[in-house]
Amino acid sequence: NLKLNLNSRDTTNNIGPFKQVSKTSHNANQMVTDYTAVVNNDQVTGHWTRTLSGDGRQMTLEIDQKSGSQNNQAKLVFHRK
């Protein structure tokens, strides 16, 4: 389980062998999470933006994650049937 609070305060989650600390906020149709974690002695920082379409039938999750010299980005689109 991944716990997110919409109060912009730190939330700590145990994910496998490491801890993730995140802050989540909500603005209109977007929920934004910024997080940090330490994985294999490397600091990982990330930013998730979840956007819900006006009709509620599509959610887009944009992910930006940095670890050392690596930058990873992804975009996932979920459609409700």
Side-chain angles (χ1 to χ4, degrees):
N1 290 336
L2 181 66
K3 182 179 176 183
L4 301 173
N5 292 312
L6 294 176
N7 58 13
S8 296
R9 294 185 186 162
D10 284 352
T11 302
T12 301
N13 286 288
N14 292 314
I15 302 173
F18 62 92
K19 286 187 180 183
Q20 176 206 55
V21 178
S22 64
K23 287 184 182 184
T24 301
S25 61
H26 179 264
N27 183 14
N29 67 335
Q30 287 190 329
M31 188 165 67
V32 176
T33 301
D34 291 298
Y35 65 90
T36 59
V38 176
V39 179
N40 297 327
N41 295 321
D42 289 329
Q43 178 150 352
V44 177
T45 60
H47 182 86
W48 298 330
T49 302
R50 296 164 210 75
T51 305
L52 188 61
S53 65
D55 64 4
R57 297 191 57 82
Q58 178 177 299
M59 184 186 77
T60 303
L61 170 59
E62 296 179 75
I63 302 166
D64 185 15
Q65 181 172 292
K66 297 175 185 170
S67 175
S69 62
Q70 292 184 344
N71 259 350
N72 297 302
Q73 296 177 328
K75 182 177 182 178
L76 305 170
V77 179
F78 301 89
H79 297 276
R80 176 182 253 169
K81 291 186 175 190

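Predicted model only: the values in this text are computed from it and were never measured. For the numbers below, each heavy atom of this structure counts, side chains included, while hydrogens, waters and symmetry mates do not.
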Asks: Listed by chain and number, what are the side chain to side chain donor-acceptor pair (under 3.5 Å) partners of Thr45, not counting sequence neighbours?
Replies: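 With sequence neighbours excluded, Thr45 shows a side chain to side chain donor-acceptor pair (under 3.5 Å) to no residue whatsoever.
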Asks: Quick one: salt bridge (charged side-chain N to carboxylate O under 4.0 Å, His left out) pairs with a partner in residues 67-80, sequence neighbours left out?
Replies: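 Sorted pair list comes back empty.
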Asks: By side-chain contact (heavy atoms from CB on, under 4.5 Å), which residues pair with Thr12, not counting sequence neighbours?
Replies: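 Listed in chain order: Lys19, Val21.
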Asks: Can you name the side-chain contact (heavy atoms from CB on, under 4.5 Å) partners of Leu76, sequence neighbours left out?
Replies: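 Leu61, Ile63, Phe78.
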Asks: Salt bridge (charged side-chain N to carboxylate O under 4.0 Å, His left out): which pairs involve residues 3-16, sequence neighbours left out?
Replies: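 Non-adjacent pairs meeting salt bridge (charged side-chain N to carboxylate O under 4.0 Å, His left out): Asp10-Lys23.
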Asks: Sequence neighbours excluded, which residues qualify as side-chain contact (heavy atoms from CB on, under 4.5 Å) partners of Ser53?
Replies: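 Ser53 satisfies side-chain contact (heavy atoms from CB on, under 4.5 Å) with Asp55, Gln58 once adjacent residues are dropped.
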Asks: Which residues pass the salt bridge (charged side-chain N to carboxylate O under 4.0 Å, His left out) test with Asp64, sequence neighbours left out?
Replies: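 Not a single residue meets the salt bridge (charged side-chain N to carboxylate O under 4.0 Å, His left out) criterion with Asp64.
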Asks: The criterion is side chain to side chain donor-acceptor pair (under 3.5 Å); which residues satisfy it with Thr33, sequence neighbours excluded?
Replies: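 Thr33 satisfies side chain to side chain donor-acceptor pair (under 3.5 Å) with Thr24, Arg50 once adjacent residues are dropped.
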Asks: Write out all pairs satisfying ring-ring contact (aromatic ring centres under 6.0 Å, His included) with one or both partners inside residues 49-69, taking only residues at least two apart or from two chains.
Replies: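 Residue pairs with at least one partner in residues 49-69: there are none.
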Asks: CD of Gln73 to CD of Glu62: how many Å apart, nearest 0.5 Å?
Replies: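 Here the interatomic distance stands at 9.0 Å.
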Asks: Listed by chain and number, what are the side-chain contact (heavy atoms from CB on, under 4.5 Å) partners of Asp42, not counting sequence neighbours?
Replies: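 side-chain contact (heavy atoms from CB on, under 4.5 Å) list for Asp42, sorted by chain: Ser67.
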Asks: Write out all pairs satisfying ring-ring contact (aromatic ring centres under 6.0 Å, His included) with one or both partners inside residues 4-55, taking only residues at least two apart or from two chains.
Replies: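 Listed once each, the pairs are Tyr35-Trp48.
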Asks: Return yes when atom CG of Asn40 has more than 12 non-hydrogen atoms of other residues, nucleotides or ligands closer than 6.0 Å, and no otherwise.
Replies: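 Atom CG in Asn40 is not crowded, with 12 or fewer foreign heavy atoms closer than 6.0 Å.
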Asks: Is the closest side-chain heavy-atom distance between Ile15 and Leu2 below 4.5 Å?
Replies: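 Sidechains of Leu2 and Ile15: in contact.
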Asks: Please identify each residue that fulfils side chain to side chain donor-acceptor pair (under 3.5 Å) with Thr51, with sequence neighbours left out.
Replies: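 Expected list: Gln30.
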